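Since the model is a prediction, treat every value here as computed from it, not as a measurement. Here is how names work: the chains are called A, B, and so on, in the same order as the sequence lines, proteins then strands, and each is numbered from 1.
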2 protein chains.
Amino acid sequence: MSSKIRLESAATEAVQKNGLKSLSFRTLGAEVGVKSSSVHYHFPEKSDLAQALIDRYRTGLCSDLKHLSANSESAYSAIAEFVGVFIGYCNEGKLCLGAMLASESELLTQANRESLTGVFNEMQVWLTDEFERGRDELTVDLPSRTLAHCLLSSLEGAHLIARNERSDDQLLSVKMLLDSWFSKVN
Amino acid sequence: MSSKIRLESAATEAVQKNGLKSLSFRTLGAEVGVKSSSVHYHFPEKSDLAQALIDRYRTGLCSDLKHLSANSESAYSAIAEFVGVFIGYCNEGKLCLGAMLASESELLTQANRESLTGVFNEMQVWLTDEFERGRDELTVDLPSRTLAHCLLSSLEGAHLIARNERSDDQLLSVKMLLDSWFSKVN
DNA sequence: GTCTATACCCGGATAGAC
DNA sequence: GTCTATCCGGGTATAGAC
């Protein structure tokens, strides 16, 4: 695989764990066996790296979500699987890339920030559509869009809080809330 | 006021805006008119500064919450005011201190992390008690503790997401969710 | 308690050879 | 595309005078 791709993978992993600020061109290069100058060749400035990571994350996300919609037997199961992704991150000591970068927004360019907004929108639109698809089984009468916002916010917040502790309490509560929104949780 | 106190205030502000990692002893000192060596006199290492900030935040929080409980006419109004604090942060481009530090957990010591957990617990216990106080007006039958977890998670997540964008959508949705939990929202 | 001065390290970034 | 070498700025931290 090309160096560039391997750099992006390693960078994504590192950013989800410790943030962009903590990631240096030197250590990133070392991770895949090249020097910092080579990293600069692919990503001239740090904001270029950030942009690549955000774009890459969004692309992967889109295809994952598309798959999830197509292969799930119900809106509930699709959304529950989405929640599962976050629980997975949590177990690896990672934050969602979007959340981590959002917490470091002072080092992002305007373009970075706009793309990041796009990532969150992608998730919220997908969630909104899924809640709409499961309308009939919903026990709450809030707009789908509101439910989508709330679920995403809870997930991002929960695994931020959960990072410090050694319990899944936080995410489990969110899961309970989600379940309470559906009449059939099979 | 003593330098130490002023340093703590300035540091809290800076950390909520840009994080601990971005805050240098030099710029912090400059903020209150002393040199970096003087900052080191009060806080030998960065983790000492972090500890002071966390302790200070918790103390302020405790007294604020006590006041809120005592002076509110209902559980709903107390909780709504709590939500208001987060909306206020958001308008100032700040994150809750706990959330910001949680996102930077790689630079915290074990002691820092434990104290930080205490801060989140403080909020969750208070919220749990308030939901318990408002039991009669609740329209959801989830445990108060679960509601507390979910509300706090949503708030932390919402203003993380909201930081990038120029809209309050995210936090408004959380407010709508909260309102939907109470039968009387007067 | 605060200062000046300084040691030391690490990060981003670039120039130029291969 | 990758390397070596290097510059420069800025960060943490300490020693010692006042």
Can you list everything that forms a salt bridge (Lys or Arg N to Asp or Glu O under 4.0 Å) with [X]? Sequence neighbours excluded, please.
{"X": "A:E104", "answer": "none"}
{"X": "B:R26", "answer": "none"}
{"X": "B:K175", "answer": "B:D179"}

Round to a whole Å and report the spacing from CE of B:M1 to C1' of C:dG1. 17 Å
A:L28 CG to C:dC10 C1', in whole Å, measures 16 Å
Those residues that, when tested against B:H42, pass side-chain contact (heavy atoms from CB on, under 4.5 Å) (two or more places apart): B:S3, B:K4, B:L7
Which residues share a side-chain contact (heavy atoms from CB on, under 4.5 Å) with B:I87, sequence neighbours left out: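 For B:I87 the side-chain contact (heavy atoms from CB on, under 4.5 Å) partners, ignoring immediate neighbours, are B:V83, B:N91, B:L171.
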Using a cut-off of strictly less than 4.0 Å between a heavy atom of the residue and any atom of DNA chain C, enumerate the qualifying residues of residues 15-25 of chain A by number.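 A:L23, A:S24, A:F25, in order of number.
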Here the ring-ring contact (aromatic ring centres under 6.0 Å, His included) pairs for residues 97-125 of chain A, sequence neighbours left out, are none
Looking at residues at least two apart in the chain, or sitting in another chain, which of them share a side-chain hydrogen bond (donor to acceptor under 3.5 Å, both in side chains) with [X]?
{"X": "B:E165", "answer": "none"}
{"X": "B:R56", "answer": "B:S9"}
{"X": "B:D55", "answer": "B:Q51"}

Counting only heavy atoms and a strict 4.0 angstrom limit, can you tell me which residues of residues 6-13 of chain B come near DNA chain D? none
Looking at DNA chain D, which of residues 30-45 of chain A put a heavy atom within less than 4.0 Å of it?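 The answer is A:G33, A:V34, A:K35, A:S37, A:S38, A:Y41, A:H42.
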Just so I know, are the side chains of B:V174 and B:F86 near enough to count as touching, which here means a heavy-atom distance under 4.5 Å? no
On the side chain of A:R26, is there an atom forming a donor-acceptor pair with the base of C:dG12 - under 3.5 Å, no angle test? yes
